[in-house]
Amino acid sequence: MLLDSASMYFRAFFGVPEILAPDGTPVNAVRGLLDFISRLVADYRPTHLVACWDNDWRPQWRVDLLPSYKAHRVEAERTGAPDVEEVPDPLEVQVPIIREMLEAFGICVLGADGYEADDVIGSLATQARQPVDVVTGDRDLFQLVDDDADVRVLYIARGVGNHERVTNEWVRAKYGIDARQYADFATLRGDASDGLPGVAGVGEKTAATLLGRFGDMDGIVAAALDPDSDMGPGPRGKIKAASAYLEVAPQVVAVARDLDLGPADTRLPAEPRDLPRVADLAQRWGIESPVQRLTDVLVGR
């Protein structure tokens, strides 16, 4: 089970009412995330669990290809270090607590410098030799769904308690494409939340139609440039007008699948790894109840 950590703690923050620790620090995202993990582990009993981390939420190599990538979410630019993402202050103070809590429990936290959590998830999912569940509220990761490799997405956009199990059949029913085509679909359609403009005049239906007829982005571009192809003049003109965007966007949208993440103990812990530290953190932040729930789930109670 691969957790899109930021996606989950953002949802916990906005979905759980404000709760304050004894010292006044907000801890609603911490509590919510721990309860999310408890529920997912109890429901699915994964053998391995990884909290995938954004070491760089906006990698420079993606920005170099497409300057608009997540540009609207930048709070401050930094030279030689990841830009600062616009995050609500009451959530920002909780992120270090979340990481410390996960590490105390012995839940593997894994990131890669210069890459997003999506890339870590993509690499782990692709290189796994076992079934994989990806937990996320973001559609970008639908591109990883692979029925043959037993990779699916547990989509939590409507809440962890109402999550959907995304398979290729689910993607086809929702969008009219196969999951392997999703990255090209997103490139064509665009995604304002990530600063992807898409191809002007091409929405979901046209994108699905083009992929159904021409297979992938290379096939679509080749057909647009081939005067003898049966692509209509409208889509042809739109694809050709967006040629500069289409030269770079597919590399931005596609998640990395070949990162060498090194050795890591990704096994689901059978009990908290550092019980005294877990107890101390629980008391310090006033989160005894969710800590106990996760502890009980890990030990099988």
Side-chain angles (χ1 to χ4, degrees), residues 1-9 12 29-57 59 82 94-136 138 141 144 146 149-154 156 160 163 255-282 284-285 287 290-301:
M1 181 173 282
L2 306 177
L3 308 179
D4 184 354
S5 302
S7 174
M8 293 178 69
Y9 62 63
V30 184
R31 294 179 65 100
L33 180 64
L34 292 177
D35 279 339
F36 289 172
I37 295 172
S38 295
R39 180 158 190 165
L40 290 162
V41 170
D43 287 350
Y44 291 96
R45 300 308 306 182
T47 56
H48 298 71
L49 180 68
V50 182
C52 300
W53 211 258
D54 278 324
N55 280 20
D56 191 338
W57 68 280
Q94 296 183 65
V95 175
I97 302 171
I98 289 169
R99 179 146 189 165
E100 189 175 14
M101 201 77 246
L102 294 173
E103 291 173 346
F105 265 105
I107 295 171
C108 179
V109 178
L110 201 55
D113 290 346
Y115 291 91
E116 301 174 52
D118 284 7
D119 301 307
V120 175
I121 291 170
S123 296
L124 290 173
T126 302
Q127 298 168 30
R129 297 179 179 178
Q130 63 188 106
V132 174
D133 281 333
V134 174
V135 182
T136 185
D138 295 337
L141 292 172
L144 296 174
D146 185 336
D150 213 353
V151 176
R152 65 182 176 179
V153 166
L154 305 181
I156 61 170
V160 169
H163 69 268
V255 301
R257 294 172 178 257
D258 57 357
L259 298 182
D260 181 359
L261 297 166
D265 184 0
T266 63
R267 293 171 297 175
L268 179 73
E271 60 183 2
R273 179 173 59 192
D274 189 340
L275 194 54
R277 186 176 172 209
V278 167
D280 179 65
L281 290 169
R284 177 181 177 186
W285 300 115
I287 52 175
V291 164
Q292 188 61 54
R293 283 191 287 272
L294 181 52
T295 300
D296 290 346
V297 166
L298 292 180
V299 301
R301 288 203 291 266

Item to check | ring-ring contact (aromatic ring centres under 6.0 Å, His included) partners for Phe105, two or more places apart | outcome: none
Work out which heavy atom in [X] is nearest to a heavy atom in [Y]; give both atom names and the distance.
{"X": "Phe36", "Y": "Met8", "value": "CE1-O, 3.6 Å"}
{"X": "Val297", "Y": "Arg45", "value": "O-NH1, 2.8 Å"}
{"X": "Ser5", "Y": "Cys52", "value": "OG-O, 2.8 Å"}
{"X": "Asp258", "Y": "Ser123", "value": "N-OG, 3.4 Å"}
{"X": "Ala125", "Y": "Val151", "value": "O-CG2, 4.0 Å"}
{"X": "Leu110", "Y": "Val120", "value": "O-CG1, 3.8 Å"}

Next on the checklist: Assess the residue pair Asp133 and Arg152 against the criterion (side chain to side chain contact (heavy atoms under 4.5 Å, CB included)); give the C-alpha distance rounded to whole Å, side-chain angles, the decisive distance to 0.1 Å, and a yes or no.
Outcome noted: CA-CA 5 Å; Asp133 281 333; Arg152 65 182 176 179; 2.5 Å; yes
Please report the interatomic distance [atom1]([X]) to [atom2]([Y]), rounded to the nearest 0.5 Å.
{"X": "Glu103", "Y": "Arg277", "atom1": "CD", "atom2": "CZ", "answer": "6.5 Å"}
{"X": "Asp119", "Y": "Leu124", "atom1": "CG", "atom2": "CG", "answer": "11.0 Å"}
{"X": "Leu281", "Y": "Ile287", "atom1": "CG", "atom2": "CD1", "answer": "7.0 Å"}
{"X": "Leu40", "Y": "Asp35", "atom1": "CG", "atom2": "CG", "answer": "11.0 Å"}
{"X": "Leu268", "Y": "Leu298", "atom1": "CG", "atom2": "CG", "answer": "5.5 Å"}
{"X": "Tyr9", "Y": "Leu102", "atom1": "OH", "atom2": "CG", "answer": "10.5 Å"}

Item to check | Name of the residue among Asp138, Asp54, Asp118 meeting side chain to side chain contact (heavy atoms under 4.5 Å, CB included) with Ser7 | outcome: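 Only one option passes, and that is Asp138.
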Any side-chain heavy atom of [X] within less than 4.5 Å of one from [Y]?
{"X": "Ile121", "Y": "Val255", "result": "no"}
{"X": "Leu33", "Y": "Met101", "result": "no"}
{"X": "Val134", "Y": "Asp4", "result": "no"}
{"X": "Ile156", "Y": "Val135", "result": "yes"}
{"X": "Pro269", "Y": "Ile107", "result": "yes"}
{"X": "Leu34", "Y": "Arg293", "result": "no"}
{"X": "Tyr44", "Y": "Leu154", "result": "yes"}

Checklist entry - Got a sec: does the CG of Asp265 have more than 12 other heavy atoms crowding it under 6.0 Å? => result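 For Asp265, atom CG is crowded (more than 12 foreign heavy atoms under 6.0 Å).
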Checklist entry - Is the count of non-hydrogen atoms from other residues, nucleotides or ligands lying under 6.0 Å from Arg267 atom CZ greater than 12? => result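 Counting other residues, nucleotides and ligands, CZ of Arg267 stays at 12 neighbours or fewer.
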Next on the checklist: Evaluate Val132 against Leu144 for side chain to side chain contact (heavy atoms under 4.5 Å, CB included), listing each step before the verdict.
Outcome noted: CA-CA 10 Å; Val132 174; Leu144 296 174; over 6 Å; no
Checklist outcome for this item: Residues passing the side-chain contact (heavy atoms from CB on, under 4.5 Å) test with Arg39, sequence neighbours excluded, are Asp43, Val160
Checklist entry - Does Asp56 use its side chain to pair, donor to acceptor, with the backbone of Asp113 at less than 3.5 Å? => result no
